[in-house]
Amino acid sequence: MQNPDLNTRRSLATPRGVGVMCDFYAVRAENATLWDHTGKEYIDFAGGIAVLNTGHRHPKVKAAVAAQLEAFTHTAYQIVPYEGYVALAERINALAPIGGLKKTAFFTTGVEAVENAVKIARAYTGRSGVVAFTGSFHGRTMLGMALTGKVAPYKLAFGPMPGDIYHVPFPNATQAISVADSLKALDLLFKSDIDPKRVAAIIIEPVQGEGGFNITPPELMNALRKVCDEHGILLIADEVQTGFARTGKLFAMQHHAVEADLITMAKSLGGGFPISGVVGRAEVMDGPAPGGLGGTYAGHPLAIAAAHAVLGVIEEERLCERAAELGRRLQERLASLRPRCPAIADVRGLGSMVALELNDPATGQPDAQAVKRVQDEALKRGLILLSCGVYGNVLRFLYPLTIPDAQFERALDILADVLTA
């Protein structure tokens with residue numbers, strides 16, 4: 001139910017640039033459930049935008065943060081360090097799918113991780129150019145916007161973007177863009193816009209998030225690794241959204257036969273607490289001089305404690321296997337609806353990173369309005385869904401991997417009813 005008084009207060013107190021999807025306000029949450037101020041219950045298939053793979057308020061995350069609260073809340077790691085940070089870096093180094101010696105640095109937000117990965121790449125290579133992909137999302141800061149391959153709403157009215165950032169098309173079957181097309185565009189870029197010897201890094205999401213949950217084909221990742229090796233370019237895997245069991249692996253790069261040089265992480269690492277990081281080859285990570293990396297709240301003690309608990313929960317509750325199973329069930333259910341829902345253009349996913357693309361059956365064109373109708377009707381029935389995609393015509397599903405089976409099936413029933421109505 002709408003809360004006119006609070007919504008009015010929000011519109012008067014906060015800027016319109018902070019877009020808000022729901023007109024109700026959360027007062028309580030548990031695992032995969034949210035409650036508003038009226039007591040209405042919602043099944044959360046948004047997960048704080050992929051932050052809650054371990055669910056709202058997991059008991060072990062709560063306990064870890066409570067214990068840290070009894071010790072200290074902040075020292076600034078660069079001033080007075082603490083063991084939790086070092087121990088978490090050791091755990092990430094042991095888990096990350098990068099060969100040889102590794103090092104990890106922690107930050108606060110996903111875009112901080114991305115920006116610091118670019119800084120590290122530039123410092124190590126002595127180069128400035130960065131290549132990203134159309135449809136990518138790498139954050140809302142100036143450099144994050146420049147890297148992001150989508151104009152609206154992220155780049156509108158924000159003026160010139162930082163220089164030496166280039167984009168090539170991402171493979172997309174619905175847009176008739178093949179891997180060969182992407183690689184041809186990259187080769188043309190190197191011939192027409194920037195010498196590959198001036199490129200510090202190529203950054204790519206193993207599965208595009210905001211771009212529409214488009215899965216990076218293995219042949220593209222293999223080819224990018226070859227290109228990077230040939231020209232001394234670093235390969236950055238942006239795993240801010242894909243990491244920590246979402247795709248059925250701890251890191252989505254584990255689905256590939258090649259390795260990145262740097263991996264960014266954030267979101268579900270903290271189980272609801274703000275933390276991000278970059279892990280990479282030790283010699284690359286040591287590129288910046290002392291003081292070149294960091295931040296006042298970087299690797300905050302409470303978030304570090306939460307992250308330790310999250311890694312434990314993922315292992316103990318076998319959330320990678322759970323992600324694969326839930327994703328399989330979701331894709332099978334969505335595929336079964338195709339005869340009754342001709343708007344379904346594609347069902348795709350990796351583990352529990354699943355997308356449903358809707359097009360106008362009459363024209364075959366992307367149908368963002370259909371996605372909006374499904375979102376609105378599902379919300380009325382107590383199911384929170386998110387959209388994505390360059391054309392806004394994709395539904396993405398980011399439920400906690402800890403969601404109970406009965407609740408998961410209830411959500412799929414709601415979704416099926418809405419799509420076939």
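In this chain, numbering begins with 1 at the start of the sequence shown. What you see is a predicted model, and the numbers here were worked out from it, not measured in a lab.
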Go through the steps to decide whether Phe133 and Leu224 satisfy the test side-chain contact (heavy atoms from CB on, under 4.5 Å), and finish with yes or no.
CA-CA 12 Å; Phe133 286 83; Leu224 291 179; 3.8 Å; yes
Counting neighbours of CZ on Arg10 that are heavy atoms of other residues, nucleotides or ligands and sit closer than 6.0 Å, is the number greater than 12?
yes
Between Glu41 and Arg410, is there a side-chain N and carboxylate O pair less than 4.0 Å apart?
yes
Angle class for the Phe45/Tyr399 ring planes (parallel below 30°, perpendicular above 60°, tilted otherwise)?
tilted
Going by heavy atoms in the side chains, are Met161 and Met145 under 4.5 Å from each other?
yes
With the side chain counted from C-beta on, respond yes when Val310 and His58 share a heavy-atom pair under 4.5 Å apart, and no when they do not.
no
For the pair His167 (side chain) and Leu147 (backbone), establish whether a donor and an acceptor sit closer than 3.5 Å, ignoring hydrogens and angles.
yes
For the student: nearest non-hydrogen atoms of Lys267 and Ile49, plus distance
NZ-O, 2.8 Å
Check the surroundings of atom NZ in Lys102: do more than 12 heavy atoms from other residues, nucleotides or ligands lie under 6.0 Å from it?
yes
Does any N or O in the side chain of Arg246 come within less than 3.5 Å of the main-chain N or O of Ser352, such that one atom is a donor and the other an acceptor?
yes
Would a 4.5 Å heavy-atom cut-off, applied to side chains only, mark Leu356 and Val354 as touching?
no
With a 4.0 Å cut-off on N to O distance, would you call Lys119 and Glu115 a salt bridge?
no
Can you check side chain to side chain donor-acceptor pair (under 3.5 Å) on Tyr166 and Asp164, steps first, answer last?
CA-CA 6 Å; Tyr166 305 87; Asp164 251 3; 2.9 Å; yes
Measure up the His231 and Phe190 rings against each other and bin them: parallel (under 30°), tilted (30 to 60°), perpendicular (over 60°).
perpendicular
To check you understand the geometry: which heavy-atom pair defines the closest contact between Ala345 and Asn359, and what is its length?
CB-ND2, 3.4 Å
Measure the CG-CG distance between Leu250 and Leu319 for me, rounded to the nearest 0.5 Å.
10.0 Å
Is it the case that Arg57 places NZ or CZ above or below the six-membered ring of Phe273, under 6.0 angstrom from the centre and within 45 degrees of the axis?
no
Side-chain donor or acceptor of Asn116 paired with backbone N/O of Val278 under 3.5 Å
no
Any donor-acceptor N/O pair, Glu259 side chain to Ile98 backbone, under 3.5 Å
no
Check whether Thr420 reaches the backbone of Cys341 with its side chain - one donor and one acceptor, N or O, closer than 3.5 Å.
no
Return the CZ to CZ distance between Phe408 and Arg329, rounded to the nearest 0.5 Å.
5.5 Å
If you measure from the Lys or Arg side-chain nitrogens to the Asp or Glu carboxylate oxygens, is any gap between Lys226 and Glu230 under 4.0 Å?
no
Do Leu143 and His138 come within less than 4.5 Å of each other through their side chains, counting heavy atoms only?
no
Taking C-beta and beyond as the side chain, do Arg140 and Phe158 meet within less than 4.5 Å on heavy atoms?
no
If only atom types and distance count, is the side chain of Thr148 paired as donor or acceptor with the main-chain N or O of Phe137 below 3.5 Å?
no
Before giving the answer on side-chain contact (heavy atoms from CB on, under 4.5 Å), spell out for Leu383 and Tyr42 the whole-Å C-alpha distance, their side-chain angles and the decisive distance to 0.1 Å.
CA-CA 5 Å; Leu383 175 62; Tyr42 296 87; over 6 Å; no
Reported CZ-to-OG1 distance for the pair Phe244 and Thr54, which is rounded to 0.5 angstrom:
11.0 Å
To the nearest 0.5 angstrom, please state how far the CG atom of Asn393 sits from the CD atom of Gln365.
10.0 Å
Could you pull out the closest heavy-atom pair between Leu52 and Ser268, with the gap in Å?
N-OG, 3.5 Å
Roughly how far, to the nearest 0.5 Å, is the CD atom of Glu210 from the CZ atom of Arg396?
5.0 Å
Let me see the working for Thr141 and Thr109 under side-chain contact (heavy atoms from CB on, under 4.5 Å), right down to the final yes or no.
CA-CA 11 Å; Thr141 59; Thr109 66; over 6 Å; no
So that I can tick it off, tell me whether Arg225 and Asp261 are bridged by a salt bridge, with the cut-off set at under 4.0 angstrom between side-chain N and carboxylate O.
yes
Is there a donor-acceptor pair under 3.5 Å between the side chain of Arg322 and the backbone N or O of Leu401?
yes
Check the pair Val394 / Val371 against side-chain contact (heavy atoms from CB on, under 4.5 Å), numbers first and verdict last.
CA-CA 7 Å; Val394 179; Val371 165; 5.9 Å; no
Which atom pairs, one a donor and one an acceptor, fall under 3.5 Å between side chains of residues 59-68 and the rest of the protein, sequence neighbours left out?
unit_1, atom_1, unit_2, atom_2, d
Lys60, NZ, Glu316, OE1, 2.5
Gln68, NE2, Phe72, O, 2.8

Apply salt bridge (charged side-chain N to carboxylate O under 4.0 Å, His left out) to the pair Asp376 and Lys372, showing each step before the final yes or no.
CA-CA 6 Å; Asp376 291 347; Lys372 184 68 166 60; 2.8 Å; yes
Test of ring centre spacing under 6.0 Å for Tyr77 and Phe106:
no
Result for side chain to side chain contact (heavy atoms under 4.5 Å, CB included) between Leu220 and one of Val179, Ile215, Leu186 points to Val179
For residues Thr216 and Phe170, determine if any side-chain heavy atom of one lies less than 4.5 Å from a side-chain heavy atom of the other.
yes
Has Ser276 got a side-chain atom pairing as donor or acceptor with Thr264's backbone, closer than 3.5 angstrom?
no
Heavy-atom pair with the smallest gap, counting every atom of Ala252 and Glu239
N-OE1, 2.7 Å
Modelled atom types, side-chain donor and acceptor of Thr247 and His255, under 3.5 Å
yes
Flag yes if more than 12 heavy atoms outside Leu156 fall under 6.0 Å of its CG atom; otherwise flag no.
yes
Could you tell me whether the side chain of Lys40 reaches within less than 4.5 Å of the side chain of Phe24, counting heavy atoms only?
no
Nearest heavy atoms of Gln407 and Thr33, plus distance in Å:
NE2-OG1, 2.7 Å
Atom of Pro97, atom of Met253 and distance for their closest heavy-atom approach:
CG-CB, 4.0 Å
Sub-3.5 Å donor-acceptor pair from the side chain of Arg122 to the main-chain atoms of Ser128, do we have one?
yes
Do the rings of Tyr297 and His300 sit parallel, tilted or perpendicular, given the 30° and 60° boundaries?
tilted
Do Ile236 and Val130 come within less than 4.5 Å of each other through their side chains, counting heavy atoms only?
no
Counting neighbours of CD on Glu315 that are heavy atoms of other residues, nucleotides or ligands and sit closer than 6.0 Å, is the number greater than 12?
no
I'd like to know if the side chain of Thr108 reaches the main chain of Pro274, judged simply by a donor and an acceptor atom lying under 3.5 Å from each other, with no hydrogens or angles considered.
no
Measuring from atom CD1 of Ile120 to atom CZ of Arg281, what distance do you get when rounded to the nearest 0.5 angstrom?
12.0 Å
